[in-house]
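The structure under discussion appears below in the form of structure tokens.
None of the values given here were measured: they were computed from a predicted structure. Both counts, for ligands and for their atoms, begin at 1 and track the order of listing.
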Amino acid sequence: MPFNIVALPGDGIGPEILSGTLELLEQISKKYQFEYQLKSYDFGGAAIDSQGVPLPDDTLEACKNADAILLGAVGGPQWTNPNNRPEQGLLALRKSLGLFANIRPTKVTDGTSHFSPIKEERVKGTDLIIVRELTSGLYFGQPRHLDDLSALDSLTYTKDEIQRIAKVAFELALNRKKKLTSVDKENVLASSKLWRQTIDEVSLEYPEVEVNHLLVDACSMHLITRPTDFDVIVTENLFGDILSDEASTIPGSLGLSPSASFSLEGPRLYEPIHGSAPDIANQNIANPFGMVLSLAMCLRESFNFEDAASELEQLVYQLIKDGKTTPDLNGQYTTSDIFNELKKNYE
Ligand code: NAD
Ligand code: IPM
Ligand code: MN
């Protein structure tokens with residue numbers, strides 16, 4: 001059976017970074033001899049323009065029936081209606097598919113530490129993964145309220161939600177350096193107290209894994225001063241959103257970071273962690289590596305093509321090492337130049 005892949009280009013630089021990635025996928029499928037069906041669907045601001053809503057029924061239905069979903073990015077300054085925003089489509093998609101676990105790796109590969117805005121000796125060897133809870137917390141908590149004089153967001157977590165993300169993080173840590181950092185704001189938030197207590201309970205099932213707790217403000221500092229001390233970090237939805245953008249700058253650019261999101265069963269979604277970058281859209285200068293590395297995660301995790309995934313990752317790391325990069329990494333290459341460089345390897 002051919003794999004069924006859904007592509008969601010979205011807005012801004014989304015279509016620019018996804019189209020070349022899909023051309024690469026075609027070449028990779030020939031080399032590694034697998035078949036797939038691919039269809040693109042309206043999503044985000046593009047779907048608001050074409051169908052009036054950011055997550056149309058046909059898009060959601062296709063995603064539910066897919067083996068994997070590749071997403072560019074959504075959002076932009078032209079979609080300002082607070083009740084019909086592109087981002088609401090992304091949150092609804094994550095929720096509808098139950099994608100509670102979001103894996104966001106950050107790596108400083110050999111010979112690329114000079115791209116970091118942080119001193120090379122501090123970042124060399126960084127290899128960490130943020131496990132971000134993705135379907136609860138402030139993003140989804142009820143009640144919510146907004147009027148001219150007051151606003152309310154609710155931060156809720158249930159024990160079950162914390163347990164299931166904790167297990168994902170512990171399993172990951174078990175297969176890596178057996179070191180888990182749980183990040184919360186336990187000195188202030190009730191949800192964080194339950195978070196820390198639950199992490200400690202789950203840790204009893206993983207005696208080989210060393211657990212540390214860090215408060216989120218201190219963690220944001222340690223990420224910059226000693227990034228190599230981290231292996232797996234587990235945290236709630238909003239902290240994970242913020243810390244992962246911060247972590248992405250350690251190797252040099254937000255444009256480098258991929259992600260994979262999954263439920264306990266069902267299709268996984270792969271997307272770079274950055275947004276639609278309206279300030280550089282349609283200029284052919286967006287860094288496509290975060291999207292390409294997301295495809296590598298897809299090849300590995302959804303289709304079990306470890307060799308194809310690691311080959312693609314090595315090609316990306318080599319281009320960075322050679323200084324063949326877009327302007328965000330001080331290079332002169334356009335987005336299409338980068339794709340041409342990558343595609344050469346499969347001709
Ligand atoms: P952003 O991530 O789009 O951009 C932040 C900065 O990083 C910008 O200066 C941008 O040019 C740069 N940047 C981001 N990706 C890049 C890349 N691949 N190559 C080179 N430079 C890159 O964040 P923002 O500007 O705060 O948000 C813009 C829109 O994107 C908003 O509507 C936001 O809600 C949305 N957003 C969407 C997603 C998503 O679809 N998953 C993620 C984050 C933000
Ligand atoms: C991300 C984005 C989204 C988030 C937005 C666009 C809703 O910032 O994927 O990191 O906050 O989860
Ligand atoms: Mn984000």
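Judged purely by distance below 3.5 Å, without hydrogens or angles, the side chains of Y270 and S302 pair a donor atom with an acceptor atom. Between the side chains of T334 and D337, at least one donor N or O lies within less than 3.5 Å of an accepting N or O. A donor and an acceptor atom, one from each side chain of T181 and N212, are nowhere located under 3.5 Å apart.
Within the protein, the N, O or S atoms lying under 2.8 Å from the Mn ion (ligand 3) are D241 OD1.
Under the 4.0 angstrom criterion, atom 19 (N) of ligand 1 counts as having a protein heavy-atom contact. Protein heavy atoms are absent from the 4.0 Å sphere centred on atom 26 (O) of ligand 1.
Using a 30° and 60° split on the angle between ring planes, F100 and F262 fall in the perpendicular class, above 60°.
Looking at atom 33 (C) of ligand 1, its nearest protein heavy atom turns out to be E87 OE2, 3.4 Å. The protein non-hydrogen atom at the shortest distance from atom 28 (C) of ligand 1 is P278 CD, 3.5 Å. Protein heavy atom closest to atom 3 (O) of ligand 1, with residue, atom name and distance, is A277 N, 2.8 Å.
Nearest-heavy-atom check against atom 22 (C) of ligand 1 across I280, N287, D328, T335 picks out I280. Taking each of I273, I13, V74 in turn, the one with a heavy atom nearest to atom 40 (O) of ligand 1 proves to be V74. Counting only non-hydrogen atoms, the option in P288, G275, S259, S257 that gets closest to atom 44 (C) of ligand 1 is G275. Proximity annotation for atom 5 (C) of ligand 1: of T325, L254, D241, L269, L254 comes nearest, heavy atoms only. Of the options Q283, E271, R85, the smallest heavy-atom separation from atom 41 (N) of ligand 1 is shown by E271.
With hydrogens and angles ignored, the 3.5 Å screen pairs a side-chain donor or acceptor of E133 with a backbone N or O of T135.
Every atom of ligand 1 with a heavy atom of A73 under 4.0 Å away is listed here by number and element: 40 (O). Listed by number with element, the atoms of ligand 1 under 4.0 Å from a non-hydrogen atom of G255 are 17 (C), 18 (N). Atoms of ligand 1 found under 4.0 Å from any heavy atom of G76, numbered from 1 in the order shown, are 32 (O). Ligand 1 places these atoms under 4.0 Å from at least one heavy atom of L90: 39 (C), 40 (O), 41 (N). Per-residue contacts place G75 under 4.0 angstrom from the following atoms of ligand 1 (heavy atoms of the residue considered): 32 (O).
Atom OG of S192 and atom CG of N187 lie 8.0 Å apart (nearest 0.5 Å). Once rounded to the nearest 0.5 Å, the distance linking OG of S259 with CG of L269 reads 7.0 Å. From E16, atom CD reaches atom OG1 of T335 across 5.5 Å, with rounding to the nearest 0.5 Å. Atom CD1 of I280 sits about 5.0 Å away from atom CD1 of I285, to the nearest 0.5 Å.
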Is there a side chain to side chain contact (heavy atoms under 4.5 Å, CB included) between L60 and L93? Walk through the geometry before answering. CA-CA 7 Å; L60 178 58; L93 180 62; 4.0 Å; yes
One pair to check against side chain to side chain contact (heavy atoms under 4.5 Å, CB included): D67 and Y36. What are the steps and the verdict? CA-CA 10 Å; D67 293 311; Y36 66 96; over 6 Å; no
Hey, mind stepping through T158 and D160 against side chain to side chain donor-acceptor pair (under 3.5 Å) and telling me if it holds? CA-CA 5 Å; T158 65; D160 285 354; 5.3 Å; no
Any chance you could lay out the side chain to side chain contact (heavy atoms under 4.5 Å, CB included) test for V108 and I250, step after step, and finish with the verdict? CA-CA 7 Å; V108 177; I250 298 168; 4.0 Å; yes
If you apply the rule side chain to side chain contact (heavy atoms under 4.5 Å, CB included), what do you find for N330 with T325, and how did you get there? CA-CA 7 Å; N330 301 325; T325 60; 5.6 Å; no
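Using a 4.0 Å cut-off between charged side-chain N and carboxylate O, D229 and K179 make no salt bridge. Of the charged side-chain nitrogens involved, at least one lies within less than 4.0 Å of a carboxylate oxygen, so that E201 and K159 count as a salt-bridged pair.
Considering both main-chain and side-chain atoms, D279 comes within under 3.5 Å of ligand 1 through a nitrogen or oxygen pair. Of the polar atoms of A286, none of the N or O atoms is found under 3.5 Å from an N or O of ligand 1, judged by distance alone. Residue S276 places at least one N or O, backbone or side chain, under 3.5 Å from an N or O of ligand 1. Between I285 and ligand 1, no pair of N/O atoms sits closer than 3.5 Å.
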Filter the ligand 2-protein atom pairs down to N or O on both sides and distance under 3.5 Å, then list them.
unit_1: ligand 2; atom_1: 8 (O); unit_2: D241; atom_2: OD1; d: 3.3
unit_1: ligand 2; atom_1: 9 (O); unit_2: R94; atom_2: NH2; d: 2.7
unit_1: ligand 2; atom_1: 9 (O); unit_2: R104; atom_2: NH2; d: 3.1
unit_1: ligand 2; atom_1: 10 (O); unit_2: R104; atom_2: NH1; d: 3.3
unit_1: ligand 2; atom_1: 10 (O); unit_2: R104; atom_2: NH2; d: 3.0
unit_1: ligand 2; atom_1: 10 (O); unit_2: R132; atom_2: NH1; d: 3.4
unit_1: ligand 2; atom_1: 10 (O); unit_2: D241; atom_2: OD1; d: 2.9
unit_1: ligand 2; atom_1: 11 (O); unit_2: Y139; atom_2: OH; d: 2.6
unit_1: ligand 2; atom_1: 12 (O); unit_2: R94; atom_2: NH1; d: 2.7
unit_1: ligand 2; atom_1: 12 (O); unit_2: R132; atom_2: NH1; d: 3.2
unit_1: ligand 2; atom_1: 12 (O); unit_2: R132; atom_2: NH2; d: 2.8

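Note on ligand 1: G290 sits outside its first shell, no heavy atom being nearer than 4.0 Å.
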For residues 69-79, dump all side-chain donor-acceptor pairs below 3.5 Å to protein atoms at least two apart in sequence or in another chain.
unit_1: W79; atom_1: NE1; unit_2: G45; atom_2: O; d: 3.4
unit_1: W79; atom_1: NE1; unit_2: D49; atom_2: OD1; d: 3.0

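Contact of the P86 side chain with the I48 side chain is registered, since non-hydrogen atoms from C-beta on lie closer than 4.5 Å.
Legend: side chain to side chain donor-acceptor pair (under 3.5 Å) pairs involving residues 80-100, not counting sequence neighbours, sorted by first then second residue: R85-E87, R94-E271.
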